[in-house]
Each structure stands twice: as structure tokens, then as C-alpha cells.
Undergrad: 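Below you will find the structure I want to go over with you.
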Amino acid sequence: MSTRYSRLPLLSVGIVGLTSCLSVIKPTHDFAVRPQPEAPDYRMEDNWAALPDRLDSADAVPRHTLLRDRQRDAPVDVFFVHPTTYFGRGHWNANLADEKVNYFTNNTSMRKQASVFNSTARIYAPRYRQATLFSFFDEKSVNGKDALDLAYSDVKEAFHYYLKHYNHDRPIIVAGHSQGTYHATRLLREFFDKDPKLRRQLVAAYLVGYKVKPEEYQVLRPCEDSTQTGCYVCWNAVEWGNEYPPFDGGVAVNPLTWTRDTVTAPAYLNLGGVPNSFNKADKRIVDAKVHNGLVWIHPPQREGYPRFLLPGRPELRHSFHIADYSLFYYNIRQNAEARVRTYRMKMGRG
């Protein structure tokens, strides 16, 4: 497999309109040929998919549950980087004025992923000129890398703005999924790994849906239990018994036990998944076992937790990447709360 393919962060939302092969989502020109979409100004609220002091999709909780949005009084912040929601061919990077892309981001990633943190953290999620999906399959040029670098430049600028204008020295959770984790991993390396002050503010990082190498950081380390702080967790959900070579040797933490051992965590430890309909909690939806950079699960018997199906890439059919958050929604929510409590006790904040 190529180097570029080994960096593939799998798609985290459904793809509409892919009928034959990846060529249908390949941009029609080289990255440098056309001007890039206008850079976001993060002083403008429209350039944030979620902010804690306004109504947005990250405030949502699953219908017919007792969960509540508690951002108003939350003791920490979360900086959340959303996954790929742009599959266009007109540009290598999304235009932040594209209402369809923004709507898709709001109603998938913000509602069904970022919202998991709204019981304990104030959610800040920038829109950014995300790289189109094909960027991760571009094995023959530097176009994909250039698109990802441009996307990261926005995430970095948003984080600078967040630190200067929103954070006020509050504790921070960093989280992402897929392309969002690709950028969040780099953000942690360039900011937190090199800055002792920021590391003291880090509650934890949730680097989900992407390979994080064990040697990724000089100082930061994977979490070893459910309450450790200043560390990071990663997982990629795959059907039991299957391998995925691009993620071999990556860091994997079991989202039911929050440990890195390979003991099977039975389904009764699963506090509740939330299906795509976002209208209920499915207790005991799956088990989980760490295996060689992956988290193996037995396929859920209930609907709403789709596989990752991409024409031309049959090796991905065993992946439950689209459901990396939803399969473990209640466990992630409880774990974020537990780490925040531990952090506050360590810092004498009660």
C-alpha cells in the first residue's frame, strides 16, 4: 500500500452518489490551478459550526433520553475538529459559504459527535476549508497533501483565535474524528506537546477514527485508564476478526474500559449507543476488544450503525468508522465527565 493510502482517515458520514469508483469524486484540476476558497475570519460567528453561547446543533441530545445540554455551566471547553463532510470536485478544499456542506456538517458531526461533550464542556468547533475526500486517495500527486495542509492552516488559525479570545485559561478537551483527528493530532503536536502551560490545561484528547503512531509525541502519552488526564485516546471500530493494515501498530484504547490491554470488554459494559436517527439509546449495543491498532466489535444487531461502504474499496467494508462515536456515545459522555472531575480535583477546583 502506498504511503498516502496508509494515512487514509476513513469517511465518517455517508456518501451519496458514489456509484462506480473514486474517479467520480476526483477534482478536475490540480490544486494550484484555481484560486482557493476565501480564508475564514474567525471573528465571524458564521465561521464556527459550534459556539457555546448560541443555539446550534452541538446543543442537541438524543430524543427520548434523559440527557441534557449543560454547556452554560460547564467547567471546561472542548475544541472539536469535524470530519470530512465535503466530497466535491470543483475545488480541493471546501468553501465556507457552501450552505449544503455547512448543513451536512451541522446535522451529522455537530449533532451526533460533538454533542457527546455538551454535558461537561463548552463546545467550540470551527468551520474550515476541509480537504475534499479524494485528497486521502491521491497517490499520484501532491494535490491531496496541499489540500490537507491548507485545511490544517485554518484549524491552526481557529485554535489561535480560540486561545486568545475564548479560552481564558480554562481546561481544554481536544477532540475530532477522521479528517478532524488528522488535524487535531497535528495540533496537539505543535501546541500541547511543546508547551508546558497548555499541557497543564489539557484534560484529555479524543483522537478518534485515525491512526496515531505510538511515537507521535515527545511528551504526551496515551491514556491508561478511565480517569487519567493530560493524555489521549484513540480507536477505530472494525468488525471482529478483520485486519486493516494501514492502521497496524497504531494506538488503540478500548472505549468500554479505557485501557489498552487486549481483554475483551463484554457488551454489558456498553452504556448506550445512539443510532443515526438520534432518537434513542441502545444499551449493550456492541462489545469491544483492542487488536493491533483497531478496536474489534461484533456487528450490532440493531439498525442505525452503518458500515463504511465505498465503491472501489472493498477492504473497507468491515469498518464501522461511520459509527466510531455513536456506538459508544454514552461511554464517551460519561468518560469525559469522569476525566473532568478528576482534573478539577487535581487542580483543587472541586
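Because the structure is a prediction, the values reported are computed rather than measured.
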Undergrad: Under 4.0 Å between a side-chain nitrogen and a carboxylate oxygen: does that hold for Arg122 and Asp53?
TA: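 Here Arg122 pairs with Asp53 in a salt bridge, since their nearest N and O are under 4.0 Å apart.
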Undergrad: Anything under 30° is parallel, anything over 60° is perpendicular, the rest tilted; go ahead and classify Phe308 against His321.
TA: perpendicular
Undergrad: With no hydrogens and no angle check, is any side-chain donor or acceptor of Trp48 less than 3.5 Å from a backbone partner on Tyr42?
TA: yes
Undergrad: For Tyr325 and Phe117, take the angle between the two ring planes, folded into 0 to 90°, and tell me which bin it lands in: parallel under 30, tilted 30 to 60, perpendicular over 60.
TA: perpendicular
Undergrad: I'd like to know if the side chain of Asn279 reaches the main chain of Arg63, judged simply by a donor and an acceptor atom lying under 3.5 Å from each other, with no hydrogens or angles considered.
TA: no
Undergrad: Is the backbone of Ile332 close enough, under 3.5 Å, to the side chain of Gln334 for a donor and an acceptor to pair up by distance?
TA: no
Undergrad: Quick check against the 3.5 Å criterion: does Asp193 have a side-chain atom that pairs as donor or acceptor with the backbone of Gln218?
TA: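 Yes, Asp193 side chain to Gln218 backbone: donor-acceptor pair under 3.5 Å.
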Undergrad: For Arg186, look at atom CZ and say whether over 12 heavy atoms of other residues, nucleotides or ligands are found less than 6.0 Å away.
TA: yes
Undergrad: Under the 3.5 angstrom rule, does the side chain of Trp92 hit a backbone N or O of His29 as a donor-acceptor pair?
TA: yes
Undergrad: Any idea how Tyr162 and Tyr166 line up, ring-wise: parallel (<30°), tilted (30 to 60°), or perpendicular (>60°)?
TA: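 The rings of Tyr162 and Tyr166 sit tilted, inter-plane angle from 30° to 60°.
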Undergrad: With a 3.5 Å distance limit and no angle check, can you tell me whether Thr108 reaches the backbone of Phe104 through a side-chain donor-acceptor pair?
TA: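 Yes.
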Undergrad: Please name all residues satisfying disulfide bond (SG atoms under 2.5 Å apart) with Cys234, sequence neighbours left out, ordered by chain then number.
TA: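 Per chain and number, Cys234 pairs via disulfide bond (SG atoms under 2.5 Å apart) with no residue.
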Undergrad: Output all residues satisfying ring pair (Phe, Tyr, Trp, His ring centres under 6.0 Å) with Tyr86, sequence neighbours left out; order by chain, then residue number.
TA: none
